[in-house]
Number of protein chains: 2
Amino acid sequence: MTSGAANAPRRGRPPVTSRAEILTAARRLIADEGWEKLTVRRLARVLGIGTTTIYLHVRDRDDLLIQLINDAAGRSPRPDLPDDPRERVIVVALALHDALGEMPWAADVLAVDGEACLGRPGEDALWYVDEILSSAEEAGCTPERSGDLFVTLWFLMVGELLVQAGSARRKAKTPALDSEQNNALLDRDVFEVGVRSLVQGTLDHTD
Amino acid sequence: MTSGAANAPRRGRPPVTSRAEILTAARRLIADEGWEKLTVRRLARVLGIGTTTIYLHVRDRDDLLIQLINDAAGRSPRPDLPDDPRERVIVVALALHDALGEMPWAADVLAVDGEACLGRPGEDALWYVDEILSSAEEAGCTPERSGDLFVTLWFLMVGELLVQAGSARRKAKTPALDSEQNNALLDRDVFEVGVRSLVQGTLDHTD
DNA sequence: ACCTGAACACCGTTCAAGT
DNA sequence: ACCTGAACACCGTTCAAGT
């Protein structure tokens, strides 16, 4: 068992780690020490492997972050979808926000490579995009207007996540400035208010 | 003239640079080589001074970026304001976007320290905030709703700027992928559509 | 009174060499 | 077949020393 494989005839040194182990360790590292501590070197140190071994499983640092986000989007549960298409747009937008909100640093990566995370077929997170677009059309949008709505919702979400990440970072530096968690809740509420206004303003539009 | 001052009796070595020179050099550096090349060390090298001299005029790197943004907001011309308060909200939001859009990397800083750039009295950019809030109230919003609208507009703008910065960076890496400038125009248009929908959805709301 | 080099504690990434 | 140390080319920031 230690050196012979039962099924596939493997040769040479066995791998010392795997993509899954790297992603898990990265999640731990972020949870334990904060997002800014996630560096390739630190991650390797935490895993007890050589720095350069990371590069056997990940193209570069950005690739690591993209895989992490995709992982989170796939892991996040799909919400129950209401029948009303208008409400469906809102529910899906909030679900996407929640899925990515656990990693507020995601905004940086999403901005750089939004398509890499959501736009490509075969990715875990694609259903969010499809559902928003098709629901908006079912609610009476032209395809073009649906696209505009999606992009605007996307901007709104990226902005909210970025600001959230910023205030979290600031709070980490200057502790005990205000209350603790209710700020995140407030942000979530303002986001929902914004999403609702935007959907209303888009769908009630007549020209 | 070279060593004696006419007015205030100065002593010791004359300053080798100034805050204004540093900001100008930083703008040049960004224009010439791109935002990611703006480092404290490079900036000093460009100015032909010691790296550490920068720190006599700027608290740290973030402070440099904040000063740069404030500078840009102050330098940007104020638009003509229409009488209709609803349209005024839109015009000011677009003006703020344009003022910051010349430095799309601003989003990162704005998220970290939005208050430092806009929220504090005495800053050049404060009028944007005041004008949006008071116009929204004049258009019939409660103060609370005006605040929500402003925050949502802020998210929308930060998100749009961040995505714009990301696609600009990506285009710099992979040149000649599509057309050149019309993408920015398209983004501007989508932003305006979003702003209009948001304002409409907020102001037409009745509850 | 003002400026600076050297140093500290880090980064991401590559590549020849080791097991 | 898989892993790695050393090296390269950088960062931001501090502080004792220089002019």
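A, B, ... follow the sequence lines: proteins, then strands. Residue 1 opens every chain.
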Visitor: Nearest heavy atom decides the nucleotide; on that basis, is B/T17 or B/R41 closer to the 5' end of DNA chain C?
Guide: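 First, find each residue's nearest nucleotide; the 5'-ward one identifies B/T17.
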Visitor: Side chains of B/Q200 and B/R86: donor-acceptor distance under 3.5 Å anywhere?
Guide: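 No pair is found: no donor N or O on one side chain lies under 3.5 Å from an acceptor on the other.
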Visitor: How many whole angstroms separate atom CZ of B/R42 from atom P of D/dC10?
Guide: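 These atoms are roughly 7 Å apart.
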Visitor: Taking CD1 from A/I49 and C1' from D/dC2, how many angstroms apart are they, rounded to a whole number?
Guide: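 Whole-Å distance recorded here is 12 Å.
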Visitor: Verify the contact: side-chain N or O of A/T53 to OP1 or OP2 of D/dC3, cut-off strictly under 4.0 Å; return yes or no.
Guide: no
Visitor: If each of A/T51 and B/Y55 is mapped to the nucleotide of DNA chain D with the nearest heavy atom, which maps nearer the 5' terminus, i.e. the 5' end?
Guide: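 By nearest-heavy-atom nucleotide position, the 5'-most residue is A/T51.
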Visitor: Report yes or no: do B/D71 and B/Q67 form a side-chain donor-acceptor pair below 3.5 Å?
Guide: no
Visitor: From CG of A/L43 over to P of C/dC10, roughly how many Å is that when rounded to an integer?
Guide: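 That distance rounds to 16 Å.
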Visitor: Could you tell me the separation between the CG atom of A/D62 and the P atom of C/dC11, rounded to a whole number of Å?
Guide: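 Interatomic distance, CG of A/D62 to P of C/dC11: 16 Å.
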Visitor: When the distance from CZ of B/R45 to P of D/dG12 is rounded to whole Å, what number comes out?
Guide: 11 Å
Visitor: Pick the P atom in D/dC10 and in C/dA9, then give their distance to the nearest Å.
Guide: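 Going atom to atom, P in each nucleotide, I get 22 Å.
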Visitor: Do A/V40 and A/D60 come within less than 4.5 Å of each other through their side chains, counting heavy atoms only?
Guide: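 They are not in side-chain contact.
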Visitor: Dot-bracket, DNA chain C: Watson-Crick or G-U, under 3.5 angstrom, [ ] crossing, | other strand?
Guide: ||.|||||...|||||.||
Visitor: Whole Å only: how far is the CZ atom of B/R61 from the C1' atom of D/dC10?
Guide: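 In whole Å, D/dC10 C1' lies 13 Å from B/R61 CZ.
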Visitor: Any idea which heavy atoms bring B/I132 and B/F150 closest together, and the distance?
Guide: CG2-CD1, 3.8 Å
Visitor: Answer yes when A/R196 and A/E87 have at least one side-chain N-carboxylate O distance shorter than 4.0 Å, and no when they do not.
Guide: yes
Visitor: Examine D/dT13: is either OP1 or OP2 under 4.0 Å from a nitrogen or oxygen in the side chain of B/R59? Give yes or no.
Guide: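 No, outside the criterion.
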Visitor: For A/T52 and D/dT4, is the shortest distance between a side-chain N/O and OP1 or OP2 below 4.0 Å?
Guide: no
Visitor: Using atom CD of B/E36 as one end and atom P of D/dA9 as the other, report the distance to the nearest whole Å.
Guide: 20 Å
Visitor: Nearest whole angstrom, please: distance from the C1' of D/dT4 to the CG of A/L56.
Guide: 10 Å
Visitor: Strictly below 4.0 Å, N to O, side chains only: are B/E137 and B/R145 in salt-bridge contact?
Guide: no
Visitor: Looking at every non-hydrogen atom in both residues, tell me the closest pair between A/L47 and A/E21 and how far apart they are.
Guide: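 Nearest heavy atoms, A/L47 then A/E21: CD2-O, 4.1 Å.
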